[in-house]
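Have a look at the structure below before the remarks.
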Amino acid sequence: MSGGTGGGGGNIAGGAVDGGGGAGGWGFDTRKVRAGYDPTEHNHAVSVPIYQTTAYTLETVARADALFAFEDEDPLYTRLSNPTVDVLERRVTALHEGAAASVALASGMAAVSYALLNAAGRGGHILTTCRLYGGTVDAFSHIYPELGIAIDVVEDADDPASFERAIGPRTRAIFVEGITNPLVTVTDLAALAEVAHRHGILLIVDNTLATPCLLDPFEFGADVVVYSATKALSGHGNVIAGLVVESGRFDYGSGHFPQFTEPHWFLRDENDVPRNHLQLFPDTPFTGRLRALYLNYLGAALGPFDAYLILLGIETLTERVTKQVANAEALVRYLQSNPHVAWVAYPTVGGGPSTSPPAASSAALAQKYLLRGGGSIVSFGFAGSEEQRRRFLDSVGLFSYQANIGDARSLIINPAQTTHIELTHEQRELCGLLPETIRLSLGLETASDLIADLEQAFTRAF
Ligand SMILES: *Cc1c(COP(=O)(O)O)cnc(C)c1O
């Protein structure tokens with residue numbers, strides 16, 4: 001696609017990577033500060049400008065015709081595309097090897113729900129595991145069935161054959177987290193991609209915890225990747241946002257995805273001939289359809305200022321994640337030697353309650369998927385009474401007690417009683433989420449200060 005005229009471009013098929021800025025041959029760290037932005041198209045502004053505008057002048061009736069027939073990719077209305085948001089989409093696309101396009105959305109939940117609606121709307125079926133973000137579990141239990149999308153949790157999340165057995169004629173996708181929340185197990189993406197593709201269905205990966213800095217799910221066969229950009233991707237605890245990224249390589253014409261191949265009511269060409277999504281978006285069918293339908297009509301658009309904040313965060317993604325991994329590893333060592341800790345879970349180390357997969361298997365998967373580190377989340381089992389656990393949480397000072405992860409500040413929470421409280425007892429049992437679980441999200445502070453904070457909280461608790 002073109003870089004657009006003067007404004008970064010990208011109407012309905014925006015977010016493809018080959019627009020302004022170019023990413024050819026650059027390393028990850030160069031792409032994270034440069035890709036998808038060409039200053040010469042924006043008055044030579046060094047920092048990406050915030051296009052705080054609702055609409056864009058149509059200028060002439062002929063140009064309006066082209067824009068409304070999707071023949072011209074210039075922006076039209078900010079719900080559908082905006083030059084600042086467009087740079088973010090191109091940059092996130094460029095952070096993945098072999099990704100074709102992205103759509104930025106107003107939250108991670110919007111990214112998850114639009115991706116699943118796009119894959120499985122009109123009576124489809126999704127296979128997943130019990131190891132998911134709490135909000136996703138709630139939506140799967142209560143919202144998607146209302147929308148006619150069936151969700152099934154497979155029997156054994158660690159066994160690809162368990163997924164394969166559960167695939168039926170209406171199954172459209174396998175949905176998993178790369179590093180799971182909150183027990184930080186590692187998912188065998190390549191094995192699941194093989195199962196999915198054998199049956200002509202999608203592998204959709206929520207890569208929020210790892211970020212593209214630690215894991216590129218497309219390298220292992222994922223077809224669609226979703227993010228809560230609220231977390232480590234933006235990294236400063238000041239924005240709510242999400243993204244959907246696609247490989248552009250999946251075959252939606254196989255018969256499993258009629259919603260992509262049937263002519264669509266509003267995608268008519270200038271002669272009023274109806275087209276389908278594959279005709280209109282041959283290189284980016286998933287994000288093209290998602291933008292044209294779900295972003296356009298359900299409307300969870302990301303504002304330009306929020307896109308700017310995420311772009312700023314991404315500029316230091318590697319530096320932040322590297323420091324967070326070092327802090328996480330230091331905290332793992334401290335917790336492993338602490339008598340008040342029953343178990344410690346961290347992707348590259350394995351570990352966890354006895355109900356979760358064996359430490360060795362998670363650590364072995366981390367050797368394949370997480371070569372640059374296990375991320376910023378460490379969970380552990382508090383070995384004490386409920387009363388002592390409450391006193392421990394009330395005693396932390398430097399760690400902030402809050403329902404968020406991936407911030408520059410270190411955070412702490414008791415997921416079973418907060419973020420995952422809506423789960424039934426059975427769901428918590430299934431994913432191994434015990435009441436004693438404490439989740440840490442490591443920030444950028446000095447490791448010894450963080451250890452000292454936990455140490456004084458343990459002392460007060462006992
Ligand atoms: C936070 C989170 C979400 C939801 O994102 P929001 O930006 O809060 O809507 C989805 N998945 C994972 C893994 C998350 O951590």
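Whatever order the structure lists ligands and atoms in, that order sets their numbers, starting from 1. Basis for what follows: all heavy atoms, side chains included, without hydrogens, waters or symmetry-related copies.
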- Task: Report yes or no: does T348 contribute a side-chain atom to a donor-acceptor pair with the main-chain N or O of G374 at less than 3.5 Å?
- Result: no
- Query: With distance as the sole test, does T84 use its side chain to make a donor-acceptor pair with the main-chain N or O of Y51 at under 3.5 Å?
  - Reply: yes
- Query: Is there a donor-acceptor contact under 3.5 Å from the side chain of R291 to the main chain of L80?
  - Reply: yes
- Item | Contacts of type salt bridge (charged side-chain N to carboxylate O under 4.0 Å, His left out), residue E155, not counting sequence neighbours | none
Can you pull every nitrogen or oxygen pair between ligand 1 and the protein closer than 3.5 angstrom?
from     : atom 1 : to   : atom 2 : distance (Å)
ligand 1 : 5 (O)  : S228 : OG     : 3.0
ligand 1 : 7 (O)  : G108 : N      : 2.9
ligand 1 : 7 (O)  : S228 : OG     : 2.8
ligand 1 : 7 (O)  : T230 : OG1    : 2.6
ligand 1 : 9 (O)  : G108 : N      : 3.0
ligand 1 : 9 (O)  : M109 : N      : 2.9
ligand 1 : 11 (N) : D206 : OD2    : 2.7
ligand 1 : 15 (O) : K231 : NZ     : 2.7

- Task: Taking salt bridge (charged side-chain N to carboxylate O under 4.0 Å, His left out) as the test, write out the residues that go with R122, two or more places apart.
- Result: E262
- Go through the structure and list residues passing side chain to side chain donor-acceptor pair (under 3.5 Å) with E445, not counting sequence neighbours. S410
